[in-house]
Amino acid sequence: MSTDSILQNVKQKYSHQPIFIQTVTEFLESAGPYLTFVNATDEDYKRLKGLLIPERIISFRVTWTDDAQNIQYNTGYRIQYNSALGPYKGGLRFDPSVNEDILKFLGFEQIFKNALTGLPLGAGKGGSDFDPKGKSDTEIRSFTRAFMTELYRHIGIETDVPAGDIGVGGREIGYLYGMYKQIVNKNEGVLTGKGISFGGSQGRTEATGYGAIYFAAQMLATIDETLVRKTAVVSGSGNVALYAARKLIQEGAVVKTLSDRGGYLVKQEGFTAVETDFIESEKSARKSLADISIEGATYSEGSVWIDVQADLYFPCATQNEINGVQAQAIVDHGAVLVAEGANMPSDLDALHIFKGAKLLFGPAKAVNAGGVAVSGLEMSQNASHLPWTAEVVDQKLREIMGQIHQTCVQYGTKDDSSVDYVDGANIGGFVRVFEAMKGLGW
Ligand code: NDP
Ligand code: 2IT
């Protein structure tokens with residue numbers, strides 16, 4: 001058996017799931033040469049085939065009532081992908097694009113990301129094709145409560161611990177947890193990203209964005225560079241993008257852009273922290289960037305990757321937001337670093353261009369692992385009934401991002417002593433989960 005034959009099999013069997021095929025292809029491009037190098041046995045290849053298949057896929061109907069008293073239906077999902085390292089762990093996404101393909105890609109990525117954190121976390125992902133856009137607060141509450149009346153029977157602190165993702169932030173997690181508590185009559189922290197007053201961890205809201213910047217700083221340090229006075233393009237204007245932008249500003253970098261589904265705002269001299277707060281409050285009121293006015297900033301519907309030159313690029317919105325042409329433009333702009341805050345924001349063409357270029361490229365599995373890492377810390381605090389201070393959590397986040405960087409260097413250093421962070425993250429995560437599967441007799 002070989003990874004080529006495994007990939008052919010996946011392509012044939014799941015030809016209707018292109019995003020899943022993309023993530024498996026990307027992973028096997030790293031895992032294949034590694035398995036050849038370590039003389040993997042037939043049993044290893046069979047175990048790898050097993051790793052590609054989710055342990056369980058749950059799908060359910062969600063029936064809820066809108067403000068006009070109409071009955072509405074959506075489909076809910078939870079994919080319990082791999083539990084070798086611990087309870088299934090990963091976010092919930094509410095977006096009309098959600099389907100089994102998208103959630104299998106996200107769940108598969110989560111396996112290696114969670115393994116890289118070094119914490120006892122298995123991997124899962126879930127969500128619904130529910131569109132939060134234009135919904136009132138009572139509709140969000142009605143939907144989330146209906147969603148939890150189905151999901152609750154499949155999750156548990158030692159079974160499966162969901163969190164947020166696109167369209168699911170602090171408010172939604174609060175409503176979901178409120179419903180869970182009412183159903184099971186137990187005060188167990190079955191979701192992470194909870195409000196601080198009911199079991200949440202300090203620093204979880206900030207963790208993904210901050211962690212991405214801690215990781216980028218480590219990458220820059222390998223070429224004796226820092227973030228100070230570097231210009232940065234950030235895409236997205238949600239949780240990950242805004243906290244990445246704020247940390248960049250704190251570290252002395254110049255954040256030129258933020259974006260949303262409609263286009264991007266660019267301010268050549270850089271946004272201030274106060275402006276990021278203003279954008280956050282306008283976005284939470286569901287405004288589009290096109291309607292948000294910031295002095296000195298202009299709005300465009302073009303491609304931020306092609307139009308805006310910077311030293312550093314942080315895609316923090318969604319999957320496949322950078323294609324080959326756009327990746328080439330980033331390289332031609334003379335970028336020093338690309339670090340993926342979103343999950344799989346570079347398509348396969350873009351990935352190959354970045355890997356072949358002379359720049360530092362940080363893949364999502366490593367760069368955005370800070371979010372799930374602090375989720376893991378929230379689980380520890382819930383289990384011990386002892387909350388930690390913001391300083392303690394931030395220090396642990398920094399340490400975990402440092403360890404992930406170390407792992408990437410360990411498994412990704414090439415003969416010319418450059419670091420291939422894609423190989424490093426894929427192989428580093430894989431080795432940990434594969435060892436566990438072996439030990440468990442799987
Ligand atoms: P949010 O819902 O808070 O924000 C999402 C942002 O991305 C919004 O600005 C949204 O624009 C934009 N966006 C969403 N879909 C598209 C699209 N199809 N095209 C262009 N822009 C789009 O989500 P998060 O910030 O939490 O998540 C962003 C990314 O980071 C996702 O890939 C997620 O999987 C990943 N991630 C999130 C983690 C977390 O802890 N939250 C952890 C690790 C990864 P608009 O405002 O117009 O909707
Ligand atoms: O993609 C991700 O890592 C997340 N959405 C966060 C998962 C989590 O359990 O905190």
Side-chain angles (χ1 to χ4, degrees), residues 19 86-98 102-103 105-114 116-117 119 121-127 131-134 160-173 190-194 200-201 203-212 234-245 257-265 279-280 282-292 301 303-304 314-322 340-346 364-379:
I19 311 273
Y88 306 108
K89 183 80 197 90
L92 297 171
R93 178 177 288 193
F94 292 168
D95 191 85
S97 64
V98 164
I102 299 268
L103 294 178
F105 127 64
L106 289 164
F108 187 68
E109 290 265 304
Q110 204 81 42
I111 299 175
F112 310 102
K113 181 195 311 197
N114 294 6
L116 282 168
T117 66
L119 300 172
L121 302 172
K125 200 85 191 188
D131 187 359
K133 290 259 155 23
D160 185 353
V161 182
D165 194 82
I166 290 178
V168 179
R171 174 180 56 163
E172 290 74 19
I173 293 292
V190 74
L191 294 149
T192 58
K194 300 183 291 295
S201 174
R204 174 62 187 90
T205 311
E206 298 87 344
T208 311
Y210 280 15
V234 177
S235 72
S237 48
N239 172 271
V240 180
L242 284 166
Y243 283 101
T257 67
L258 287 165
S259 74
D260 65 10
R261 288 168 217 246
Y264 65 87
L265 273 180
I279 291 171
E280 180 173 34
E282 295 286 275
K283 286 300 295 183
S284 8
R286 306 256 185 238
K287 266 201 185 175
S288 116
L289 286 180
D291 302 320
I292 300 175
E301 286 177 4
S303 162
V304 74
F314 295 94
C316 296
T318 193
Q319 65 275 356
N320 289 339
E321 56 174 311
I322 306 180
E340 299 184 323
N343 283 310
M344 205 168 71
S346 310
K365 291 182 188 83
V367 174
N368 73 30
V372 76
V374 174
S375 280
L377 302 181
E378 184 169 328
M379 290 162 70

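Each ligand, and each atom within it, is numbered from 1 in the order the structure gives.
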Q: For G169 and ligand 1, answer yes if some heavy atom of the residue is under 4.0 Å from a ligand atom, otherwise no.
A: no
**Q.** ligand 1 N/O within reach of K113 N/O, cut-off under 3.5 Å
**A.** no
**Q.** Heavy-atom pair with the smallest gap, counting every atom of R93 and D165
**A.** NE-OD2, 2.7 Å
Q. Among all protein non-hydrogen atoms, which one is nearest to atom 40 (O) of ligand 1, and what is the separation to 0.1 Å?
A. T208 OG1, 2.7 Å
Q | Closest contact, heavy atoms only, E340 versus A364 | A | OE1-N, 2.8 Å
Q.
Please compare D165, V372, N368 and report which has the shortest non-hydrogen distance to atom 44 (C) of ligand 1.
A. N368
(Q) Once you restrict to heavy atoms under 4.0 Å, what part of R93 touches ligand 1? Side chain, backbone, both or neither. (A) side chain
Q | Test item: K125 and I102 side chains (from C-beta on) under 4.5 Å apart, heavy atoms | A | no
Q) How far apart are the closest heavy atoms of G200 and E378, and which atoms are they? A) CA-OE2, 3.5 Å
Q | Check against side-chain contact (heavy atoms from CB on, under 4.5 Å), L121 and Q110 | A | CA-CA 10 Å; L121 302 172; Q110 204 81 42; over 6 Å; no
Q) Which ligand 1 atoms, with their elements, are less than 4.0 angstrom from a heavy-atom of G167? A) 2 (O)
Q) Which is closest to atom 48 (O) of ligand 1 by heavy-atom distance: Q110, E340, K133? A) K133
(Q) side-chain contact (heavy atoms from CB on, under 4.5 Å), that's the test. Do T192 and K89 meet it? Break it down for me. (A) CA-CA 9 Å; T192 58; K89 183 80 197 90; 3.0 Å; yes
(Q) Quick check on contacts: which atoms of ligand 1 are under 4.0 angstrom from a heavy atom of A342? (A) 29 (C), 30 (O), 32 (O), 35 (C)
Q: Below 4.0 angstrom from a heavy atom of R204, which ligand 1 atoms are there? Numbered from 1 as shown, please.
A: 40 (O)
(Q) Just to check, does M344 reach to within less than 4.0 Å of ligand 1 when the distance is taken from its heavy atoms? (A) no
Q) Among N239, V240, I279, which one has a heavy atom closest to atom 30 (O) of ligand 1? A) V240
Q: Report the part of R286 (side chain from C-beta onward, or backbone N, CA, C, O) that has a heavy atom under 4.0 Å from ligand 1; answer both or neither where that applies.
A: neither
Q) Going by heavy atoms in the side chains, are R286 and P132 under 4.5 Å from each other? A) yes
Q) How far apart are the C-alpha atoms of I19 and N320, what are their side-chain angles, what is the distance that settles it, and do they pass the side-chain contact (heavy atoms from CB on, under 4.5 Å) test? A) CA-CA 9 Å; I19 311 273; N320 289 339; 3.8 Å; yes
(Q) Could you check whether any side-chain heavy atom of D260 comes within less than 4.5 Å of a side-chain heavy atom of S288, counting everything from C-beta outward? (A) yes
**Q.** Taking atom 6 (C) of ligand 1 as the reference point, the nearest protein heavy atom with its distance
**A.** G238 N, 4.0 Å
Q: Identify the two heavy atoms, one from T117 and one from A373, that lie closest to each other, and give their separation to 0.1 Å.
A: CG2-CB, 4.0 Å
Q: Check L242, N239, V240 against C316 for a side-chain contact (heavy atoms from CB on, under 4.5 Å) and give me the one that passes.
A: V240
Q: Show the protein residues that qualify under the rule heavy atom under 4.0 Å from an atom of ligand 2, listing them in chain and number order.
A: K89, G90, G91, Q110, K113, K125, A163, G164, D165, R204, N343, G371, V372, S375
Q. Based purely on interatomic distance, does G236 place a nitrogen or oxygen under 3.5 Å from a nitrogen or oxygen of ligand 1?
A. no
Q. Any side-chain heavy atom of N114 sitting closer than 4.5 Å to one from L119?
A. no
Q: Return the option from K365, K287, R261, E109 holding the heavy atom at the smallest distance from atom 15 (N) of ligand 1.
A: R261
Q.
Please state which option from T192, T205, T318, N343 has its nearest heavy atom closest to atom 18 (N) of ligand 1.
A. T318
Q: Just jot down the salt bridge (Lys or Arg N to Asp or Glu O under 4.0 Å) partners of K365, sequence neighbours excluded, or say none.
A: E26, E109
Q.
Is it the case that ligand 1 has an N or O less than 3.5 angstrom from some N or O of A241?
A. no
**Q.** Candidate with minimal heavy-atom separation from atom 7 (O) of ligand 1, of G341, S375, A317
**A.** A317
Q: Using modelled atom types only, decide if a donor and an acceptor are shared between the side chain of T257 and the backbone of V234 within a distance under 3.5 Å.
A: yes
Q) Which heavy atom of P87 sits nearest a heavy atom of M379, and at what distance? A) CG-CE, 3.9 Å
Q.
Just so I know, are the side chains of K283 and I292 near enough to count as touching, which here means a heavy-atom distance under 4.5 Å?
A. yes
Q.
Please confirm whether K283 approaches ligand 1 to less than 4.0 Å, judged on its heavy atoms.
A. yes
(Q) Looking only at distances, can you tell me whether any N or O atom of Q319, backbone or side chain, sits closer than 3.5 Å to an N or O atom of ligand 1? (A) no
(Q) Applying a heavy-atom cut-off of 4.0 Å, say which part of S259 lies close to ligand 1: side chain, backbone, both or neither. (A) backbone
Q.
Applying a heavy-atom cut-off of 4.0 Å, say which part of I166 lies close to ligand 1: side chain, backbone, both or neither.
A. both
Q) Taking all atoms of both residues into account, what is the closest heavy-atom pair of A342 and A317, and its distance? A) CB-N, 3.6 Å
(Q) Could you walk me through whether R261 and T318 satisfy the side-chain contact (heavy atoms from CB on, under 4.5 Å) test, starting with their C-alpha distance in whole Å, then the side-chain angles of each, then the deciding distance to 0.1 Å, before giving a yes or no? (A) CA-CA 10 Å; R261 288 168 217 246; T318 193; over 6 Å; no
**Q.** Residue pair N343 / F105, side-chain heavy-atom distance below 4.5 Å
**A.** yes
Q) Which protein heavy atom lies closest to atom 9 (O) of ligand 1, and at what distance to 0.1 Å? A) S237 N, 2.9 Å
**Q.** D95 N/O under 3.5 Å from ligand 1 N/O
**A.** no
Q) At a non-hydrogen distance cut-off of under 4.0 Å, which region of S288 contacts ligand 1 (side chain, backbone, both, or neither)? A) neither
Q) Based purely on interatomic distance, does K125 place a nitrogen or oxygen under 3.5 Å from a nitrogen or oxygen of ligand 1? A) no
